[in-house]
Amino acid sequence: MILATREATPGSESYSLFRERLLLDLSRGKKMLLQILRNKLSLAGVVIILFFVCMALFATLLVGPYQSALNLASDNEPPSAQHLLGTDGTGHDILNLLVYGTQVDLIVGFAASLAAMILGTTVGLVAGYYGRVTDQVLSRMTDFFLVIPWLPFVLVLVSILEPSLATIVFAIALVSWPTTARVIRSQVLSLKERQFIERAKAVGAGRGYIIARHILPNVMPLVWAEAVLTVSGAIFTEAFLSFFGLGPPGVQTWGQMVNLAYNGGAMLSGQWWYFLPPGVCITTLVLGFALLGYGIEEVLNPALKRRGGAGA
Amino acid sequence: MFQVLPGDPTRVLFVRGGCAGNSTIANAQCGLRAELIVQWGLDKPVAQRYVTYMANLLQGNLGTDITTKGYIGLPVTTIIAPRLVTTLELVGIATVVTMWLGLVLGRISGWRRGSKTDVVITMSTLLGYSMPSFWVSLILVFTFAFLVPIFPLLPPRPTPDTLTNIGNTLYHWTLPIVAFIITNVAWFSLTLRNSLTDVLPEEYMVTAAAKGLNEREQLRWHALPNARLPVVTASALYFGWVVSGVIVIETVFNINGFGALTWTATLNQDYPLMQAIFLIATIGVVVANAVADVLYLYLDPRVREA
C-alpha cells in the first residue's frame, strides 16, 4: 500500500526519509502491476482496453476523417473491400463510425468514472470516519442510490436536462458512485481502529488531516479497482442511453448505431453488419474493464484468489 | 423529485420559439401555453407543487396524464395498472426461470470450480452479463424472427378462448424471456458459485465428508443452506436491474407493459406519468427487498433453528 508522505525539502533528514518511502512505494506499485499482469484474465482486460484506446487515439490514421456527409448512393451496402463492414442507412462506412464511436465511449466512461470516484470516495471516507449520525444519513442515501432502478432514473434525468456530454456524464456518475462509497466506507471502518491513526490523534492531528493524509492513501488502491469497474458500468449505461436516443449529440456512439439499425429495421432485413459490430464493441470493452477490475481486486484482496477471477 | 429540474412539458406540445413571431398562430400558441402553465400549476413554486402532490398521493391520486398522445386527461393510475399486471407476469415468469437456471449453473461450477465446465459456465454467464440487453434482443429477433422465422414479433391477437390466449402470449414471450435469462443469469450463477467457493473449505464440510455423506448429500444438506444466503443479498441489487432490463426488452419486443410505457413517458416529457412510474418502480424494488430480507431470515439456518 502507498504510505502517507510528508512535505520535505531536499537535504533535510525528512527528505531522505521521503525518498526512501517514495522508492518503496514505487517498488510496491511495480510489484502490484506485475501481479495484475500475471493474472490471465486481467491481462486479457488490459489487452482489450489498450486495443480500444489505440483505436480511439489513432482514429484518423486508421480510417481517415470522420464521415458526416450523407452518401445516399451507397447506403445499406454489405461488407466489401471498400467498406470492410458495409455501410449504414445513410451511406456511412460502419468501420469509420465504430472507430470514432470509441472516442466518445471512452471519454464518457473515464469522465463518469472520475466523477463517481470523487463522490463515492468522499462519501465513503466521511461516512466511515465520522460515524454516528453522519454515517447513518450517508449510508441510507447510498443504499437508496444503490437500489433505485438505474435505467429509468438516468433516462428521465437526461431527458429533462437535455442530452449533452456533460449531462450524460453527470447522470451516469450519479448512479455509479454508491458501490464505491460502500467499499471505501467498510475499509475506513477497519482502518480507523488501527494504531497509526491512534498515534496521529495523540500528536494532535485533526480529522481532516487524518482523513487526507492517513486514511485516503491507504484506500487509494481500492479506489483504483473501483474506478476501473465503474468505467465498465459507465460505458454500459451510456450504451443504454444512446440506444434510447439520448446519447451525446454530434457524434454517433455505439449505442446510437444500434438504435439507428433498430429503427431502420436492420435485423428484419438481414443487415447483420449494421447492428452486430457496435454490440460486439460494447460487450468487449465492458468485459475488458470488468476483467481488469476483478483482477486488481484479487491482487488487493488475496482472500478472493481461490474464487478464480470471475467474482461478481 | 424530478419537478425540481429545469425543463418545460409545454414545450413538447408547441414548436420551440413558436411564441416569438407576431402572426396570429404565434399569438394563439402563446396564449394557450400560458393558459396550460396556469392549469398544470407550473407557475407555482416547487415547494407548493410538492405539497399538492403529496396530498394527492395520500389519497391515491397520482395525477393525470398531460402530454402522451391518446392518454391526455386520463388518471395516471388507470394507464399504469393494466400494464403493470402484464409486466409483473412477464418478470415473474422470467425471474423464476432465470433463478432456477442460475442456481443450477452456479451449483455445478461452484462444486467443480477450476474444471473446464466451471470455466465455460463462468465465462459465458459473465459474457451474457456484459452484453447490453437491447443488443441481445436484436440478435434474437434477427436469428429467430428473420433467419429462422419460428417466433412471432407482433403481439398475438386476442381470441375468445382464454387458453389459446395464454398459449399465444407465452409463445410471443419466449424470445423476451430468453433475452432476460441471457443478460441476468450471472446474478445467480456467479453469486452462488462464489459463495460455494467460500463455504467449501469450511470445517463443517470436512466433517460432512468424514461422516460418509456422498457429494450430493454434502451439497444438499451442508453446503447449499449456507451458500445460498449471499444469493439472497445479491438479489437486492438484481431487482433494480430487472426494471432496467424490462424497459429495453418490452420496447424491442413490442410488449405493451410498464417498461414500454416508461419509454413513451420519457419521450413525451410526461411529468405526472414519469413521476408515477418512477414511484411505483421504486416501491416495487423496496417491497422486493423487504421480501428478500424476510426470506433471508427464513433461510438462515442459524436464525431458523435458534
Side-chain angles (χ1 to χ4, degrees), chain A residues 41 143-144 146-162 175 179 232 236-237 239-240 243-246 254-255 258-259 261-262 265-272 275-276 278-280 282-291 294 303-304 306-312, chain B residues 2 5-7 113-114 118-119 122-123 125-127 129-136 138-139 141-143 145-147 153 186-187 189-191 193-194 197-198 201 234 236-237 239-245 247-248 251-252 262-263 265-267 269 271 274 277-278 281-282 284-286 289:
Chain A
L41 288 178
D143 287 347
F144 173 75
L146 196 65
V147 298
I148 49 162
W150 57 270
L151 186 56
F153 184 77
V154 170
L155 281 179
V156 170
L157 198 60
V158 173
S159 74
I160 290 177
L161 293 175
E162 312 231 322
V175 291
T179 352
S232 161
F236 196 73
T237 313
F240 275 83
F243 178 71
F244 279 115
L246 294 171
W254 297 332
V258 181
N259 172 35
Y262 166 65
M267 65 285 168
L268 292 177
S269 55
Q271 293 164 271
W272 54 268
F275 68 88
L276 274 185
V280 171
I282 297 169
T283 310
T284 326
L285 191 55
V286 166
L287 200 60
F289 277 107
L291 289 178
Y294 294 142
L304 290 175
R306 50 203 169 101
R307 286 179 174 180
Chain B
F2 291 117
L5 299 164
R113 69 186 185 288
D118 172 33
V119 173
T122 308
M123 284 320 287
T125 47
L126 194 61
L127 186 70
Y129 179 70
S130 305
M131 293 199 279
S133 47
F134 57 84
W135 188 59
V136 175
L138 289 189
I139 292 178
V141 169
F142 175 70
T143 320
F146 170 74
L147 282 186
L153 254 193
W187 280 107
S189 68
L190 284 184
T191 324
R193 172 186 182 272
N194 288 343
T197 316
D198 290 339
L237 290 182
F239 293 123
W241 275 69
V242 167
V243 180
S244 311
I247 295 176
V248 172
T251 308
V252 175
T262 312
W263 176 230
T266 314
L267 268 188
Q269 291 208 353
Y271 285 73
M274 277 181 341
I277 286 173
F278 193 72
T282 310
V285 172
V286 170
N289 277 325

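So you know, we letter chains A, B, ... as the sequences are listed, proteins then strands, and number each from 1.
Nearest approach of Ile247(B) to Pro152(A), heavy atoms of both residues: CD1-CD, 3.5 Å. In plain terms, the two heavy atoms of Ala281(B) and Pro149(A) that are nearest each other are CB-CG, 3.9 Å.
Heavy-atom distances place the side chain of Trp263(B), and not its backbone, under 4.5 Å from chain A. Contacts between Ala290(A) and chain B at a heavy-atom distance below 4.5 Å are absent for every atom of the residue. If you measure heavy-atom distances from Phe236(A) to chain B, the contacts under 4.5 Å come from the side chain alone. In this structure, no portion of Val154(A) lies under 4.5 Å from any heavy atom of chain B. The part of Val285(B) that comes within reach of chain A is its side chain, from C-beta onward, which places non-hydrogen atoms under 4.5 angstrom from that chain. Neither the backbone nor the side chain of Ser189(B) comes within contact range of chain A, judged by heavy atoms closer than 4.5 Å.
Chosen from Val280(A), Leu246(A), Asn259(A), the residue pairing most often with chain B at heavy-atom distances under 4.5 Å is Val280(A). Counting heavy-atom pairs closer than 4.5 Å to chain A, the top-ranked of the candidates Thr282(B), Val286(B), Val252(B) is Val252(B). Across Tyr129(B), Phe134(B), Phe239(B), the residue that shares the most heavy-atom pairs under 4.5 angstrom with chain A is Phe134(B). Note: Val243(B) leads Val243(B), Ile277(B), Thr125(B), Val242(B) in heavy-atom pairs under 4.5 Å with chain A.
Under the ring pair (Phe, Tyr, Trp, His ring centres under 6.0 Å) criterion, Tyr262(A) pairs with Phe243(A), not counting sequence neighbours. With sequence neighbours excluded, the residues that form a side chain to side chain contact (heavy atoms under 4.5 Å, CB included) with Leu276(A) are Trp272(A), Trp135(B), Ile139(B).
For the atom pair CG (Leu287(A)) and CE (Met131(B)), the distance works out to 10.0 Å, reported to the nearest 0.5 Å. Distance OG/Ser130(B) to CG/Leu285(A): 10.5 Å, rounded to 0.5 Å.
Aromatic ring orientation, Phe278(B) versus Phe153(A): tilted (interplanar angle from 30° to 60°).
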* Show the numbers, then the answer: is there a side chain to side chain contact (heavy atoms under 4.5 Å, CB included) between Phe275(A) and Val141(B)? => CA-CA 12 Å; Phe275(A) 68 88; Val141(B) 169; over 6 Å; no
